[in-house]
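Report on one structure; see the data block that follows.
Worth saying up front: this structure is predicted, and the values here are computed from it rather than measured.
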Amino acid sequence: MSGRLEAWLDDTPGETRGIIARDGRFERLLIQHEDDPPQSRLGARSIGRVLEVQPGYNGAFVDLGAGTAPGFLALNRSVSVREGDRIEVEATAEPREHKGPALRLIGPGQGTPRLLVPGPDVAGLLAALAPGVEVQTGVAAIQAAWDAEEEALAVGDLFAESGVDLAVQRTRALIAVDIDYAHLSGRDPRKGRERANREGLIQAARLIRLKSWGGLAVVDLVGSALNPDVITAAARTAFAGDEAVFGPLSRFGLLQLALPWRRTPVEERLDAGARTRAIALTRRLRHAMLSDMTLPRLVAVCAPGEAALAAPLVARLGPRAALRADPSFAPGKSDILEA
C-alpha cells in the first residue's frame, strides 16, 4: 500500500499512543496502557498452563499467570493439549469484550505460567508499520492523538470530493459498511458510482484499521449491476495487508469479507471509566505545559475520585505540574489553571 506516511508518538504517563496517517488521513491509533498485562500484548510469548479443554469450543483455556481472563488456544488435528499441560504460546490477538487473548501454540513448556518475551511496545509498532518515517512527539503528537481518537469513535464521514457518504458501524455479529453516493453535477453517473465504490472501500478499510476492528464485514455498495471482478479487485487493493478473506458479491450489491481480530478495539481502550478520565486529564495538563513553556506552574482541577487516580501520573510531569481535588467538580469535569 503506497502513500505518504506520517507518525506520532504520545507518551503520556499512564498511556502511550501511536498514530499513523497516510496521505493526510489517520490510519492507525495504537494504544497501550501501563497497567495492561504484558502477557496479553500482541506478540507476547509466555509459558501457560492448560486449565480446561473444551471440545465444544474446539479449544482450550490457558492460564498465563497474569491474574486476568485466561487465553484461548484453538485446537485442531495438529494442536492437541491436555489439562495441566505446560505449554509455550504466543498472543495472536489482544483481549476484547471480557475475553482473554487468543493464543498460538509454539511448543511444550516448563515451570510456572509467566511471561517470556514481551510483545512490541508502541514505538516498536510505529517502527514496523512506518519504517524510516520520522516520529513526531510533544504537542503535535498529543493533538494527533486527539484528532485520531475523534475520528476512530465516529460512525462515518462525508468525502465531498468523491461524493461518498460513508457509514461504518459494528454490532455483536458483524461490521456494517454503507457506501452512499451523491451525484456530482457535470459528471458521468456510471463512472461516479464506480469511483464512489472504489473510494468508499478505501475509506472503509482505513476506518476499520483505525478502529482496530475484526470479524465479518458486509459492505453495501452503490448500485446493483456491479462487475464482481472490478469490485473484488478494488476491495483487495483497499484491504491489502489486512489478511482479509473475501466472499462472493451478492446480487443485492453486498460484499462480504472476514478480517482477523488482532488488537483490542479502540472504543474499549477509550472507555469512560475513572482511570481513563485520569489519564485524559494528565494528557490535557501535559499539552498545556508543552504549549506554553513560559508558564511557571499549571494546576489541573477535577473531582476527588479522579484526582486520586491522576495524582501519581501528574507527579511524573515534573514540578511545573500540580493537581487539586475540588468536590464541586462532577466526574468527568476538569479545568487547567495557572497556579
Donor-acceptor contact present, side-chain [X] to main-chain [Y], <3.5 Å:
{"X": "S250", "Y": "F252", "value": "yes"}
{"X": "N227", "Y": "D229", "value": "yes"}
{"X": "T237", "Y": "A233", "value": "yes"}
{"X": "N197", "Y": "V222", "value": "yes"}
{"X": "S80", "Y": "N76", "value": "no"}
{"X": "D292", "Y": "T294", "value": "yes"}
{"X": "R297", "Y": "L295", "value": "no"}
{"X": "K211", "Y": "A152", "value": "yes"}

Using a distance-only test with no angle check, is there a side-chain donor-acceptor pair under 3.5 angstrom linking [X] and [Y]?
{"X": "R262", "Y": "S212", "value": "no"}
{"X": "E151", "Y": "W146", "value": "no"}
{"X": "Q54", "Y": "E52", "value": "yes"}
{"X": "T12", "Y": "R286", "value": "yes"}

Do [X] and [Y] come close enough that some side-chain heavy atom pair is under 4.5 Å?
{"X": "R96", "Y": "R263", "answer": "no"}
{"X": "L323", "Y": "L281", "answer": "yes"}
{"X": "Q256", "Y": "F246", "answer": "no"}
{"X": "D121", "Y": "R41", "answer": "yes"}
{"X": "I47", "Y": "L116", "answer": "yes"}
{"X": "D10", "Y": "T16", "answer": "no"}
{"X": "L5", "Y": "L129", "answer": "no"}
{"X": "R86", "Y": "V81", "answer": "no"}

Charged N-O contact under 4.0 Å between [X] and [Y]:
{"X": "E6", "Y": "R22", "result": "no"}
{"X": "R49", "Y": "D85", "result": "no"}
{"X": "R206", "Y": "D23", "result": "no"}
{"X": "E27", "Y": "R4", "result": "no"}
{"X": "R170", "Y": "E267", "result": "yes"}
{"X": "R275", "Y": "E306", "result": "no"}
{"X": "E90", "Y": "R45", "result": "no"}
{"X": "R17", "Y": "E15", "result": "yes"}

Heavy-atom count around R320 CZ within 6.0 Å, excluding the residue itself: above 12?
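It does: R320 CZ has more than 12 such atoms within range.
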
Are there over 12 heavy-atom neighbours, none belonging to E97, within less than 6.0 Å of that residue's CD?
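More than 12 heavy atoms, drawn from other residues, nucleotides or ligands, come within 6.0 Å of this atom.
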
Where do [X] and [Y] come nearest, in terms of heavy atoms and distance?
{"X": "I279", "Y": "P13", "value": "CG2-O, 4.2 Å"}
{"X": "P70", "Y": "L51", "value": "CB-CD1, 3.9 Å"}
{"X": "W261", "Y": "W213", "value": "CZ3-CA, 3.6 Å"}
{"X": "A128", "Y": "P131", "value": "O-CD, 3.6 Å"}
{"X": "P260", "Y": "D242", "value": "CD-O, 3.4 Å"}

Could you please spell out the steps behind the side-chain contact (heavy atoms from CB on, under 4.5 Å) verdict for L210 and V266?
CA-CA 8 Å; L210 183 64; V266 165; over 6 Å; no

Please test L75 against V53 for side-chain contact (heavy atoms from CB on, under 4.5 Å), starting from the C-alpha separation and ending with a verdict.
CA-CA 9 Å; L75 302 177; V53 177; 3.9 Å; yes

Same apolar cluster: L126 and I31, side chain cutoff 4.5 Å:
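No, separate clusters.
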
Kindly indicate, with the supporting measurements, whether the criterion side-chain hydrogen bond (donor to acceptor under 3.5 Å, both in side chains) is fulfilled by S46 and R114.
CA-CA 6 Å; S46 304; R114 65 195 186 279; over 6 Å; no

Just do the salt bridge (Lys or Arg N to Asp or Glu O under 4.0 Å) check on D326 and K333 with the steps written out, would you?
CA-CA 10 Å; D326 189 330; K333 301 296 182 181; over 6 Å; no

Show the numbers, then the answer: is there a side-chain contact (heavy atoms from CB on, under 4.5 Å) between L257 and V218?
CA-CA 7 Å; L257 63 145; V218 178; over 6 Å; no

Output, in order, the C-alpha distance, side-chain angles, deciding distance and verdict of side-chain contact (heavy atoms from CB on, under 4.5 Å) for I179 and V219.
CA-CA 7 Å; I179 303 174; V219 184; 3.8 Å; yes

